[in-house]
Structures are given as structure tokens and as C-alpha cells.
Amino acid sequence: MSYEEYLGYFQEGLLRQFGDHLAVVLLSTLLGSIVGVSAGILVRHQPGPREIVLKVAGTMLTIPSLALYAVLIGILGLGWPPVLLALTAYSLLPIIQNTIVGLNSVSAPVLEAARGIGMGDKVRLVRVELPLAWPVILVGIRTAAIILVSTAALGAVVRGPGLGNAIYAGLNSIGSSVALYQVLTGVGGVVVVGLLLNAIFFALARLTIPRGIRD
Amino acid sequence: MATAQPDALLIPPGAPVPTRVGTGLRPGFTRRLVTTPIVLALSLLALYLWVQSRDLDIVEDRTLTQGQVLKALAQHLQLVGLSSLAVLAIAVPLGILVTRKSFRHASPVTIAIASVGQTIPSFGVIVLFALTLGFGSRYVIYALILSTVLPVLSNTIAGLQQIEPALKEAASGVGMTPLQVLTRIELPLAVPVLLAGLRTSIVLNVGTATVAAFTGAGGLGSLIVTGLVQNRDVITVVGGALTAILALALDHLTRMTQELLTPRGL
Amino acid sequence: MTETLIRLEQLNKTYPGHSVPAVERLDLSIPDGEIVMFIGPSGCGKTTTMKMINRLIEPSSGRIVIAGEDVTSIDPNELRRRVGYVIQQVGLFPHVRVSGNVGAVLRLLKWPSDKIARRVDEMLDLVGLDPSQYRDSYPKQLSGGQQQRVGVARALAADPPVMLMDEPFGSVDPITREHLQDEFLRLQQEIRKTIVFVTHDITEALRMGDRIAILGERSRVEQYDTPPNVVARPSSDFVANFIGTNAGLRALTLMPIDRQTLVPPPAEREGPRLVYDEDRPVGWHLSDGLGTTRIQPLRLSAQPVLADALNQIVSSQAPAAVVVDDDGQLLGCVDMSAVQAAVRGAAGNGDRSDVQMEAASGDGSA
């Protein structure tokens with residue numbers, strides 16, 4: 001079987017895996033952003049809780065993905081849930097870290113002026129602090145997403161979604177002529193997902209960072 | 001998650017912590033040194049008690065013997081140890097090379113390759129190596145090197161590039177040869193960043209090495225795979241938990257080394 | 001004297017963890033439409049005191065009354081929307097255009113957007129920035145001086161009766177600073193706000209203030225008076241020291257020349273003699289072979305001060321400065337003895353009887 005024949009034959013499945021891979025990464029990045037940015041906002045001013053939250057998120061990232069998938073299937077079973085939860089956990093550290101750094105580096109005079117003209121805590125957070133911290137937060141989110149792209153590949157081992165399934169299929173069909181096609185396509189597809197994500201985040205930065213604070 | 005106990009939970013933040021001044025260590029070093037091992041030991045104990053409390057069937061009983069588990073651990077450490085040494089031996093000289101003046105134009109290329117390389121799944125690399133080169137731990141180690149070399153390489157480059165040019169000029173100004181500037185000024189100053197990269201690389205390595213089990217190279221991953229294949233959650237969880245504890249222990253070890261080797265003035 | 005707009009009553013502030021209060025039992029009345037300068041050594045509590053007025057710092061005890069209303073316990077955000085606030089580092093929102101910055105308070109007050117847009121243009125005009133050119137700029141595209149103008153426009157947008165200014169011109173270069181000071185004084189003629197202005201620069205205090213509050217430790221009011229009076233009659237050694245050794249020269253800039261100051265020109269035979277051109281004095285013929293120097297006589301209607309007279313004496317090498325009427329006709333001269341007397345009196349160590357105090361201690365509008 002030639003590579004063209006392989007592609008023709010498996011096209012549909014591969015496209016779905018590609019879409020799933022992108023989807024699971026984006027979805028867990030989104031969940032991680034909601035949790036991480038909120039956590040960052042809550043702990044940014046308190047050194048004690050801040051240390052705890054960062055330590056917990058750091059520990060999560062230290063746990064090998066196969067180990068985490070393995071432990072999680074004991075609770076959540078196979079498929080999407082353990083992968084989604086594990087990936088969300090992995091995304092937290094860079095997002096929380098950058099949220100805290102971004103928020104805490106908003107210049108003091110700007111904050112004082114905001115308070116001085118009568119902005120309450122919530123208004124100040126929404127209109128001043130978050131927009132100014134956004135470029136840094138966005139870098140954290142992008143870092144998280146890029147980490148997840150390759151991590152998600154191993155999710156196939158617990159019957160998770162994505163291009164890992166092509167690699168896993170290759171592993172299981174070693175000896176057959178398509179094994180190499182499957183693995184190469186899986187690996188290449190993951191890299192393409194990564195490039196696509198980089199482009200998405202580049203566009204997102206262009207669209208969402210006000211011109212006044214773009215370099 | 002039993003392993004996620006941060007040391008800050010044990011000692012309330014802001015509590016007076018006995019510090020040693022003048023030994024060259026940062027305040028709180030002893031506290032940081034002992035808390036993680038204690039937490040990890042407690043996690044191991046909890047895991048042991050949990051396994052003991054279960055009614056193990058014959059498959060589980062045979063897989064989770066002391067001998068089997070220790071053998072898997074030894075294989076795992078061997079994979080990680082050998083490949084990490086190789087990573088150091090490759091990445092540090094390469095990092096030094098591309099930061100020399102004559103190679104300056106090459107370092108953006110290196111970084112560009114690195115950022116694409118970041119998204120290559122190590123799972124795929126290991127399977128690809130097994131497929132093309134063959135099964136066995138030697139090829140797994142090759143794959144591990146390739147999968148974990150980037151953090152050390154990019155941090156070596158970053159560590160060397162962060163040094164102020166004025167400092168290097170001053171060093172050559174007092175008559176140091178380029179080699180002396182490198183060994184006496186640049187490398188010592190780059191050590192903290194370099195070690196941070198090594199730490200990332202080792203943690204990554206512990207995780208990636210679990211995948212070795214799929215290509216028959218053993219290690220703690222073999223417990224996970226056995227559990228998955230035989231549909232025995234206990235085995236899977238034990239394999240996963242042990243890998244996690246190993247990763248956290250090595251992370252702690254390198255972190256403490258990093259702290260000890262960082263010049264006090266930084 | 002005008003009506004009081006802001007009254008601070010028995011104001012205290014002790015920071016948590018400090019045993020000594022930063023501000024202790026402060027009583028102060030700030031008249032409507034005046035600029036009151038807070039000045040004092042660093043750490044004296046002048047900024048703390050100012051920030052208690054819009055409750056960026058909450059007083060530990062005491063009352064703040066603005067226009068008859070006790071604002072000590074109202075919602076601080078509401079209070080701050082009614083008090084303009086300008087700080088040294090400006091603190092413009094870098095992610096928002098100039099229009100958004102100037103309109104920030106109006107948005108908080110929920111003005112309709114077309115009204116905000118009109119008001120923003122009006123404010124930019126007021127501070128001397130062309131709306132069509134600057135409205136859509138981002139702060140980083142402006143110079144330091146322009147940024148501070150936007151800062152002032154932002155503070156003025158909601159037309160607050162009170163403005164607090166914390167060293168607003170402290171971070172621009174001296175030339176820009178003087179320019180901004182002049183411009184602000186001109187603006188104040190128009191808007192007549194009640195302004196509390198913190199500074200550490202005595203020259204700025206003397207120049208800008210209708211009144212100066214010199215604050216000692218714990219914001220104790222050492223003296224609260226018009227600039228000429230502070231210079232001429234320091235209430236204590238603390239104040240005298242604070243104003244500094246060149247207080248005499250500063251005093252000259254605050255002392256107007258009036259008809260009583262004038263003496264006739266020196267008699268011709270004794271030395272230098274005034275040279276006329278068609279009855280108008282134009283220079284001095286210096287006696288000892290130095291020839292003739294040309295002068296620009298001071299016009300009395302231009303409200304010259306003693307500093308101008310001293311300047312003319314020094315630069316013309318003549319014995320006196322010449323003062324003329326609008327037609328250029330000689331009114332009289334100001335000689336060194338008048339200047340000397342003023343300096344001696346202002347420094348506080350001489351016989352004050354020979355100083356023209358009526359001029360110096362007037363209504364402070366000089």
C-alpha cells in the first residue's frame with residue numbers, strides 16, 4: 001500500500017482525529033484558563049495562598065501524563081473524561097503564573113489613578129487590571145496550549161481522542177506495511193496542530209491586545 | 001491526589017521559620033529539603049496500605065510483588081539516568097557552541113527548531129524508533145534523548161545569553177582568554193538556568209520513559225500497560241502513582257541541587 | 001475672605017503597626033476657589049493628608065466636610081468621582097485612547113456616550129490639546145507634558161468642585177514644568193476650582209499658591225498664610241529654615257513696586273546721570289568713562305516686582321531702576337536701599353519698620 005492509498009483509505013478517520021486533537025487541546029486550555037485566571041485573581045495579593053496554589057499547579061505538571069491518565073481512569077473510566085481532566089490540570093501552572101505576574105505588574109500609578117477617579121475593586125479589575133495584564137496572561141495560555149498538544153497524543157492509550165490514536169494504531173500494527181504511515185502521519189499531524197495553534201494565538205493577540213500596549 | 005501536598009500546608013505561611021545564616025544556604029533550605037520527602041514517603045505508605053486493603057485477585061497478586069515492582073523501578077531509573085546523562089553531554093556543549101560569536105546567526109534557527117520540536121509527541125518518537133530501529137532499551141534511550149534534549153539546550157542558551165555583555169568585556173579586559181571567560185564567568189552564572197532546564201528535562205524523561213513499556217523496554221510503565229491490557233485498575237493506579245512519586249522525588253532532588261549550586265550572590 | 005469649601009476637623013491617621021500617628025489632630029479650612037499648597041519635609045504627612053480628602057487613605061478619626069456635607073462615611077468611590085485627582089506619574093490608562101482616559105469618570109457616572117464625546121473634546125480644548133489631533137491617540141504617543149495635560153483633563157471632566165494634585169508637575173523637565181504651571185494658573189482663572197496641591201518645591205508653592213500650608217511632623221500646621229506673608233513673616237524658625245536662605249530673593253518676586261517705593265533719580269553732578277530721548281528715559285550716562293548703557297524702563301502698569309528692579313540695576317550697572325508710566329514718562333526710581341530694606345525684612349532678621357510691608361502683605365493676589 002502506498003502512502004497515497006493509505007491517506008485515501010484513512011482520510012476520514014484522520015481528519016476526525018485531527019479535529020478531535022485540536023478540540024481537546026482547545027477545550028482543556030479553555031477550562032484551564034477559566035480555572036487558572038480565576039485562581040490567579042483570587043490569590044494574587046496573598047503570599048500564603050499564592051504559594052500553595054502555585055505549588056499544587058507545579059506538582060500537577062510534574063506528574064507524568066501516563067501516570068495521571070492511569071490514576072484518573074480509576075475514577076473517570078476510559079475515553080475523553082480522564083484526558084480532558086488531566087490536560088486541564090497540566091494547563092494550570094503557566095496560566096496561573098502568568099495571571100499573577102501580569103496582574104501584579106500593572107503599574108502602581110495607573111492603579112492609584114483608577115482608584116482616585118472612583119473605580120471600585122470590580123470595575124478596576126475588569127477595566128484596568130485585566131486588560132493591562134492580558135498580554136502576559138495570553139502568553140501563559142499559549143504556553144499551556146503548546147504543552148498540551150504533545151501531551152494529548154498519549155491520551156490514545158486510555159482511548160482518548162486525537163491523533164495519538166494513529167500513533168497507537170501504528171504501534172499495534174507493527175510488521176504491517178501501514179504501521180510507519182500511521183505513526184508518521186500521527187506525529188506530523190500533531191506538529192501541524194501545534195503550528196495551527198501558534199497561528200491562532202498570534203491572531204488572538206493581534207485581535208485582543210489594544211494598540212496602546214502592543215510593542 | 002495524595003502526592004499534591006505542598007510543603008506550605010505543613011508550616012503555616014508567615015510562621016517563624018528557623019533560618020541558618022552564613023552557611024551559604026538560603027533561609028528555609030532545611031524546611032524545603034525535608035518536607036517533600038516526608039510528603040512523598042507518606043504517599044507511598046498510603047499507596048501501600050490501599051493496596052493491602054484490597055482483595056487482590058491472582059493476576060494482581062502476581063504483578064504487584066516486591067520483586068516485580070523493584071525491578072520495574074530499577075529499569076525506569078536506568079532509562080532515565082542514562083538518557084539524562086547523554087542529554088547533558090550533548091545539549092551543554094551544543095548550547096555553548098551556538099552562543100559563541102561566530103555562531104550568533106545560528107541561535108535564532110536553533111530556537112525556531114526548538115519551538116517546533118516542543119510539539120513533537122515523545123510517544124510518537126518512541127514508537128517511530130521502535131518501528132524503524134527495533135525494539136529494546138537502547139533505542140528507547142535514543143528516543144528519550146531526542147525527546148528531552150530541548151529544555152537543557154534552550155536553557156543553556158538562555159543562561160549564557162542572559163549574562164551582561166559588559167561583564168564578559170570586563171573579564172576579557174583583565175586579560176582572560178575566551179576559554180577562561182567561559183569557564184570562570186559564563187558557565188558559573190549560567191548554572192542556575194541550565195539546571196532548571198535539566199530539572200524540566202528529567203521530569204519529562206520520567207514521564208516519557210513510561211511509554212517505553214509499549215516497546216517492551218520495561219520500567220514503571222509496564223505496570224500501567226499491564227493494568228490497562230489486563231483491565232486491572234489496581235495495577236494501573238500503582239504504576240501511575242509510583243511514576244508520579246518518582247517524578248516528584250527527582251524534581252525535588254534536582255531542585256535542591258540547583259539551590260546548592262547557585263552562587264549565593266544571585 | 002471667601003467661603004470655606006473643605007474643612008478638615010480633628011483629622012487623625014495612624015497606620016497599622018505604627019505607634020506614632022502620621023497625621024495628628026489636624027484642623028484646616030480650605031477656601032472656595034483657591035489653590036492651597038501643602039508643603040513640608042518628606043514624611044511629614046502632607047500626601048497622607050491630601051489622600052484622606054478623597055479617602056484613598058481612610059482617616060483613623062476626625063471629619064472631612066466638603067461644601068457642608070460630611071463625606072467621611074459616604075461611599076468612597078462616589079466621593080472620588082466628585083473630586084478630581086492628578087498625580088505626579090499621571091497614571092493614564094495605557095490601553096485606552098486619550099478620549100477614553102478623559103472620559104473615564106464620565107463613564108463611571110454613566111453619561112450617554114455622545115455627551116461624553118462632546119465633553120472630552122471640550123476638556124482637551126481647555127487644556128490646550130487639539131481634540132481632532134489627540135482624541136484617538138494612545139498615551140504612549142504623547143510627550144510627558146501632553147500626558148499630564150490629559151491627566152488634568154481627566155480630573156476636570158466631571159467638573160468636580162475640588163481637585164487634589166499630588167506633585168503634578170514633578171516629573172517633567174524644568175522648562176516644561178514652568179510652562180505647565182503658567183498654563184495651569186491661567187486655567188484656574190477660568191475654572192476657579194478649590195485645589196489642594198502637594199509639592200516639595202518651595203518655588204512652586206510660592207508661585208502657584210493662593211495660600212500655603214507649611215506642615216511639620218505629623219502634619220502639624222506650622223504656618224498657613226499667603227505666599228508673601230509666609231516669606232516676609234515666617235511664624236517660626238522651622239518655617240524660616242524651610243523656606244531657605246534665599247528667601248530674600250524669592251521675596252522680591254512677590255513684592256510689587258508701587259508709587260510709594262519710588263524715589264527721584266540721583267542728582268546729576270554726583271555720578272551717573274539719566275539720559276532722555278524726547279522726555280523719555282532711555283539709558284544712563286555712566287560717569288567714570290564707562291560710557292552709556294541703554295535700559296528698558298519698567299512700566300508701572302505691568303505690575304513690576306522688586307526682583308525686576310534688582311535685575312535692571314544689576315544688568316545696567318546703574319545706581320537705580322527706572323519706572324515709567326504708559327507714555328514712557330519718568331515716574332521715579334527704585335534704588336538699592338529699597339531692595340536692601342525689603343531683603344532684610346523678608347529674611348526676618350532685620351528691622352522691619354523700614355520695609356514696604358503694605359505692598360507685600362496685600363490680598364495675596366499678586
Side-chain angles (χ1 to χ4, degrees), chain A residues 46-75 78 89 146-147 149-158 163-164 166-168 170-172 174-175 179-180 182-184 186-188 190-195 197-198, chain B residues 1 3-9 12-14 115-128 130-132 135 147 199-200 203-211 213-215 220-221 223-225 227-228 233-248 250-252:
Chain A
Q46 295 128 308
R50 190 167 64 205
E51 200 186 322
I52 294 172
V53 165
L54 285 175
K55 181 89 188 174
V56 171
T59 305
M60 303 253 200
L61 201 53
T62 309
I63 297 173
S65 48
L66 188 59
L68 194 52
Y69 294 147
V71 174
L72 283 177
I73 57 168
I75 309 160
L78 296 163
I146 296 301
I147 293 175
V149 172
S150 57
T151 315
L154 200 51
V157 172
V158 293
L163 287 160
I167 300 171
Y168 201 44
L171 178 68
N172 288 329
I174 282 184
L180 191 61
Q182 288 173 313
V183 176
L184 280 176
V187 172
V190 173
V191 172
V192 173
V193 171
L195 293 173
L197 271 174
N198 263 325
Chain B
M1 201 168 306
T3 47
Q5 195 86 310
D7 51 3
L9 284 177
S115 66
V116 171
Q118 214 182 351
T119 58
I120 296 178
S122 46
F123 175 45
V125 175
I126 287 182
V127 174
L128 199 60
L131 213 60
T132 50
F135 280 44
S147 303
R199 206 178 83 211
T200 312
V203 169
L204 198 62
N205 205 327
V206 172
T208 311
T210 54
V211 184
F214 289 109
T215 63
L220 290 170
L223 292 178
I224 300 175
V225 173
L228 286 171
D233 283 358
V234 184
I235 303 175
T236 312
V237 170
V238 168
L242 285 178
T243 318
I245 291 171
L246 179 64
L248 291 168
L250 289 178
D251 175 61
H252 178 69

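None of these values were measured; they are calculated from a predicted model. Numbers restart at 1 for each chain; the letters A, B, ... are given by sequence-line order, proteins then strands.
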Heavy-atom pairs under 4.5 Å with chain A: which of B/I126, B/V127, B/D233, B/L223 has the most?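 Counting heavy-atom pairs under 4.5 Å, the top option is B/V127.
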Is there side-chain contact between [X] and [Y], with heavy atoms separated by less than 4.5 Å?
X	Y	answer
B/L228	A/Y69	no
B/V237	A/I73	no
A/S150	B/I120	no
B/T215	A/L171	yes

Side chain, backbone, both or neither: which part of [X] has an atom under 4.5 Å from a heavy atom of chain B?
X	answer
A/Y168	both
A/S65	neither
A/V193	neither

Inter-residue atom distance [X].[atom1] - [Y].[atom2], 0.5 Å rounding:
X	Y	atom1	atom2	value
A/L68	B/T243	CG	OG1	11.0 Å
A/L154	B/T210	CG	OG1	6.5 Å
A/T59	B/H252	OG1	NE2	12.0 Å

Residue among [options] with most heavy-atom pairs under 4.5 Å to chain B:
options	value
A/L163, A/I174, A/V149, A/L197	A/I174
A/L78, A/L195, A/V157, A/L184	A/V157
A/V71, A/I147, A/N198	A/V71
A/I167, A/L61, A/L54	A/I167

Smallest separation among heavy atoms of [X] and [Y], with atom names:
X	Y	value
A/G194	B/T119	CA-CG2, 3.9 Å
B/V206	A/P64	CG1-CG, 4.2 Å
B/G240	A/A67	O-CB, 3.1 Å
B/G124	A/V187	CA-CG2, 3.6 Å

List the steps, then state whether side chain to side chain contact (heavy atoms under 4.5 Å, CB included) holds for B/F123 with A/V190. CA-CA 11 Å; B/F123 175 45; A/V190 173; over 6 Å; no
Before giving the answer on side chain to side chain contact (heavy atoms under 4.5 Å, CB included), spell out for B/L128 and A/L180 the whole-Å C-alpha distance, their side-chain angles and the decisive distance to 0.1 Å. CA-CA 7 Å; B/L128 199 60; A/L180 191 61; 3.7 Å; yes
Could you look at B/T200 and say if it's the side chain, the backbone, both or neither that has a heavy atom under 4.5 Å from chain A?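 No part of it gets close to chain A.
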